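Note sheet for the following structure.
Chain naming here is simple, since letters A, B, ... match the order of the sequence lines and numbering starts at 1 in each. Keep in mind that this is a model prediction, so the values were computed, not measured.
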Amino acid sequence: MHDIRAVRADPAGFDAALARRGLDPVSAAVLAHDESRRAAQTALQEKQARRNAIAKEIGIAKRQGGDTAALEAEAVALRDEMVRLEATASAAERAQVAMLEVLPNTLDPEVPEGRDESANIVLHQHGDNPAFAFTPKQHFELGEALGLMDFATAAKIAGSRFTVLKGALARLERALGHWMLALHTEQHGYTEASVPLLVNDAVAYGTDKLPKFAEDLFRTTDGRWLIPTAEVPLTGFAMEEIIPEAELPLRLTALTPCFRSEAGSAGRDTRGMLRQHQFAKVELVSITTPDQSAAEHERMTRCAERVLTELGLVWRRVFLCAGDTGFGAARTYDLEVWLPGQGAWREISSCSNTRDFQARRMNGRFKPKEGKGNQFLHTLNGSGVAVGRALIAVMETFQQEDGSVLVPEVLRPWMGGLERIAR
RNA sequence: GGAGAGGUGCCGGAGCGGUCGAACGGGUCGGUCUCGAAAACCGAAGUACGGGCAACUGUACCGUGGGUUCGAAUCCCACCCUCUCCGCCA
């Protein structure tokens, strides 16, 4: 959510920021609502002040047995005007909020210009694309041949975009998630959390999933939402809080299933388990101060990169351009992993600094060590990393000509010492 | 699911429909005292949105949303949440 005062202070700058996202200017319309809201509010407050004075006079007069009829008549007349002004003010405010809440975050000045992913910038790459002496297979070919990845059963019991993993592949998924959690909690200073997978409107709104992206979420019969990422509950820890600066940063991690309707992606990535309605992900969330958030963003991204490096995967860091940066983010790095079977780079992590965008929506603040007044927090989120896609990457990267898959060293202790997944 | 109790400021906890943004206690911050500290004493301190160059000032906020009233923390209704007991249950 944007600060209306920022719009007032620099309407042209506000519109210019929207233009970077390819959006039309709105400051004039927003400010029109803002002005009518403030005019009505000022008038309303004058009436209220008079009303309060009258009520006080009546109280005094009643105690002294005086006549209050004239005062009461004036108060009743005032009440009608106040009702009208109140309606005007709240309608203007609702209109203003409705315009602001669907606007994406302001981009960091360093974010590259560009309309789509073709303008993203590869910042660096780790490892070289592996050379195979045979034609590498895609993960679903490997998984089905191993008899450990079953899309038919998943479709039967749930539908499309679900996967059943069995045996060593099911265990590999579990090993990946648990190993990642251990890495972040034991070496990166994150606190593990076990969180609700169903959330309310308020936190979904605060993390900018509502109102604009409701169709991407699954809704429960009692009006809650299945989390599309643990970012939602973890960031929600800060909702309506005033955190002492000394307690910051909060670094939180969780391994959860994530649920996405994939409403807008019909026909895309239909084979295999690349794009699912349900997938496991280890999420990293940092809640910090404005002056620390840029450094925290770099740190968080390195934590995610470490996961890929230790697994032995080939990856690269991509700086998303203006047109590809998500709604809530001011700045985003995607981590892409090389999938030899598919012969393509695919996103496996996305690390974003939302600055105070989410904090404003959820009213999450901190109390500065020095100085007065509470300020909005900065919130960051990143995948550390997507477990389902990590499974795919491991399978495709470490596949052997016979269709077996070597288990990365770091995972073997989590796989009961298993070194190779074979038929 | 049934029955009951309750939600007030950082915390605890008062609060006959009018002078309540809210007693009192604790904690916090500043000061006095002290070599320093403790104790004691004095004082300060909520959040948001308006108006004003500013000093300052107005309004709203006692779980949330409605209602009654000239006037609501206080009365009425709905909802949310917490606690206790019973039932069911991983």
Minimal non-hydrogen separation, A/A230 against A/E283, with atom names: CB-CB, 3.8 Å
Residue pairs passing the salt bridge (Lys or Arg N to Asp or Glu O under 4.0 Å) test with at least one member in residues 169-195 of chain A, sequence neighbours excluded, are none
Could you check whether A/A75 gets within reach of a base, just the sugar-phosphate, or nothing at all, counting any heavy atom under 4.0 Å? sugar-phosphate
So, does A/R5 get its side chain near the phosphate of B/C49, meaning an N or O under 4.0 Å from OP1 or OP2? yes
Selected nucleotide, minimal atom distance to A/R79 side chain, candidates B/C49, B/G50, B/C70: B/C70
Could I get the full list of salt bridge (charged side-chain N to carboxylate O under 4.0 Å, His left out) partners for A/D222, not counting sequence neighbours? A/R224
Carboxylate-amine/guanidinium proximity below 4.0 Å for A/E262 and A/R260: no
What residue among A/M273, A/E347, A/Q276 forms side-chain contact (heavy atoms from CB on, under 4.5 Å) with A/R389? A/E347
Checking contacts here: which listed nucleotide (B/C70, B/U19, B/G50) is nearest the side-chain heavy atoms of A/T42? B/G50
Taking B/U47, B/G50, B/U69 as options, the one with an atom nearest any side-chain atom of A/R37 is B/G50
Would you please indicate yes or no on a ring centroid separation below 6.0 angstrom for A/H297 and A/Y333? yes
Looking at A/K212 and A/E101, is there a salt bridge between them, counting it only when a charged N and a carboxylate O are closer than 4.0 Å? no
Nucleotide N/O to protein N/O under 3.5 Å, stretch nucleotides 52-54 of chain B:
none

Rounded to whole angstrom, note down the C1' distance from B/G43 over to B/C61. 27 Å
Whole-Å P distance, B/U64 and B/G87: 35 Å
Quick one: label A/I58 by what it contacts on the DNA or RNA (base, sugar-phosphate, nothing), any heavy atom closer than 4.0 Å. base
Considering all heavy atoms, the nearest A/L210-A/R361 contact: O-NH1, 3.0 Å
Does the side chain of A/T229 come under 3.5 Å of the side chain of A/K281 through a donor N or O and an acceptor N or O? yes
Quote, to the nearest angstrom, the P distance that separates B/C11 from B/A23. 15 Å
Integer angstrom distance from the P of B/G50 to that of B/U34: 50 Å
So which protein N/O to nucleotides 55-59 of chain B N/O distances come out below 3.5 Å?
from  : atom 1 : to    : atom 2 : distance (Å)
B/G58 : N2     : A/Q45 : OE1    : 3.0
B/G58 : N2     : A/Q45 : NE2    : 2.7
B/G58 : N3     : A/Q45 : OE1    : 3.3
B/U59 : O2'    : A/Q48 : OE1    : 2.6

Of the candidates B/C70, B/U47, B/U19, the side chain of A/N374 sits closest to B/U47
Rounded distance in Å between the P positions of B/G4 and B/C62: 27 Å
Quick check, are the ring centers of A/F162 and A/H277 under 6.0 angstrom apart? yes
Please work out if A/R360 contacts a base, only the sugar-phosphate, or nothing of the nucleic acid, heavy-atom cut-off 4.0 Å. nothing
So ring-ring contact (aromatic ring centres under 6.0 Å, His included) across residues 191-217 of chain A, not counting sequence neighbours, yields A/F213-A/F327
Extract the stems that RNA chain B is part of, considering only consecutive pairing runs of at least three Watson-Crick or G-U wobble pairs, both distances under 3.5 Å. B:1-7 with B:80-86, B:10-12 with B:24-26, B:28-32 with B:40-44, B:46-51 with B:56-61, B:63-67 with B:75-79
Would you measure the distance from the P atom in B/C42 across to the matching atom in B/C33 and give it in whole Å? 16 Å
Salt-bridge test for A/K209 and A/D216: reply yes if a basic N is under 4.0 Å from a carboxylate O, no otherwise. no
